[in-house]
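Reminder, nothing fancy here: chain letters follow the sequence lines and each chain counts from 1.
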Protein chains: 2
Amino acid sequence: MIRVLIADDEGMIRSALAALLRLEPDIDVVAECADGEQAVAAALRLEPDVCLLDLEMPGLDGVEVAERVTRAVATRCIVITRHARPGVLRRALASGVSGFLPKSRGADEVAAVIRRIAAGERYIDSEVAADALRDERCPLTDRELDILRAGRRGETTGQIARTLSLAPGTVRNHVSAILAKLAVSTRQQAVLTAEEAGWI
Amino acid sequence: MIRVLIADDEGMIRSALAALLRLEPDIDVVAECADGEQAVAAALRLEPDVCLLDLEMPGLDGVEVAERVTRAVATRCIVITRHARPGVLRRALASGVSGFLPKSRGADEVAAVIRRIAAGERYIDSEVAADALRDERCPLTDRELDILRAGRRGETTGQIARTLSLAPGTVRNHVSAILAKLAVSTRQQAVLTAEEAGWI
DNA sequence: CTATGGACGTGACAAAAGTCACGGATCGGT
DNA sequence: ACCGATCCGTGACTTTTGTCACGTCCATAG
């Protein structure tokens, strides 16, 4: 019997997957969690064989949950995501994730992947893997990512400078470097492309 | 037997809902569609009793699909959405939608709602309805919404002006009015709050 | 040791974005 | 017809953003 934990903030998909997996004779859904903190707590307590983790969750995201769980107990993690971006896959593999599945796949594949992961295999969805191969490493420095993250909500240079304790001119300079590297012309476009690529 | 069409661009939730609904003895899933155009075509051809439509889809969104379908055939529509915003509900009801359900609800409720809709009732999720009551009508004019939509991707004033055939000054003036009405200080923040409220 | 290169920080300058006051068009109400 | 209200469009004016040239610090290689 494979003991499975499911974590997804979207109630409908969480309950649907749980209901379908319960129909499988060899799979036992031992926990359903609506956010990352709950998932970590439940995983450490129940030590399931496999964790099925949504990437986009409030608080801790799926990769962060996987990192904490695999470090503490002998549980293997599958990350499920809506938008499968190369950067995210890299981050996931570095954090001890054993499986990676986009939500574009059918629900019927989930049980099959769970069985393979439980058997000790790794499973990376072929489409995501293909994307990741045409390597798009993030060209931005740590500081530039700080700037981009700080200004994600459309804040002004002054506000960003204050939160990072910098001179406004410095922020503008970093932004300028970011725009050049990403080949765009406004900071809003920079935020969009960086989010698209999974860099922030 | 209630004949149901399902449309959702996310394959996993689409197939999961379809599989669960097929388990119900009185429900027959006659079509699964991945985008709005497919959904309209299938609905006009098959004339299902109930359409289960995701709001967020490429091309036509769920409300647009419902509008076209209810205008042409005797089919009742349920819109499912991830983020249930007041503006969207208003728009949905004005377009002939009979049911409205957020994805935060469990999958087990879907079958029950389908039965009620098929029986001629309307069903609006209580939580969404409560949000809609504290009326937040969009304060922006049509033209201002055009501007906001055009500039959603961080384009410059010049680009927006060109796509809308306006002088750059006019665009700036509209933007200024938008910022005042939404009580924000950059157009990026304006886009975020308008999207948040479901106005664009 | 030094020099070469990268990341970070800063201030002066040009080009945008945002503000303001104004004119014209349209639509109801009187 | 008149008035008021509202929306659209425009150009002058100020503030913010983006660009550039420069200096510092730190690591690594010669």
Can you check the A:D142 CG to C:dA7 C1' distance for me, whole Å? 10 Å
Write down the distance between CD1 (B:I147) and C1' (D:dC8), rounded to a whole number of angstrom. 10 Å
Nearest 0.5 Å, please: how far is OG in A:S15 from CG in B:L20? 8.0 Å
d(CD1, A:I160; P, D:dT16) in whole Å: 14 Å
What is the distance, rounded to the nearest whole Å, between atom CG of A:L148 and atom P of C:dC8? 13 Å
Using whole Å, what does the distance between atom P of nucleotide C:dG6 and atom CG of A:L140 come to? 16 Å
So side chain to side chain donor-acceptor pair (under 3.5 Å) across residues 177-188 of chain B, not counting sequence neighbours, yields B:E144-B:K181, B:T157-B:R187, B:S185-B:Q189
Nucleotide D:dG11, atom C1' - distance to CG of B:L166 in whole Å: 14 Å
Does A:T141 have a side-chain nitrogen or oxygen under 4.0 Å from the phosphate oxygens OP1 or OP2 of C:dG6? no
CG on A:D9 to CD on A:Q38, rounded to 0.5 Å: 10.5 Å
Euclidean distance, A:R143 CZ relative to A:H174 NE2, rounded to 0.5 Å: 6.0 Å
Any chance you could list the contact pattern along nucleotides 11-27 of chain C? Use B for base contacts, S for sugar-phosphate-only contacts and - for none, protein heavy atoms under 4.0 Å, 5' to 3'. -----SBBBBB------
Roughly how far, to the nearest 0.5 Å, is CG of A:D26 from CZ of A:R115? 4.0 Å
Output, in order, the C-alpha distance, side-chain angles, deciding distance and verdict of side chain to side chain donor-acceptor pair (under 3.5 Å) for A:E56 and A:T81. CA-CA 7 Å; A:E56 295 93 2; A:T81 182; 3.1 Å; yes
Provide, to the nearest angstrom, the distance between the CD atom belonging to A:Q159 and the P atom belonging to D:dT16. 11 Å
Length of the line joining A:Q189:CD and D:dT17:C1', which is rounded to integer Å: 14 Å
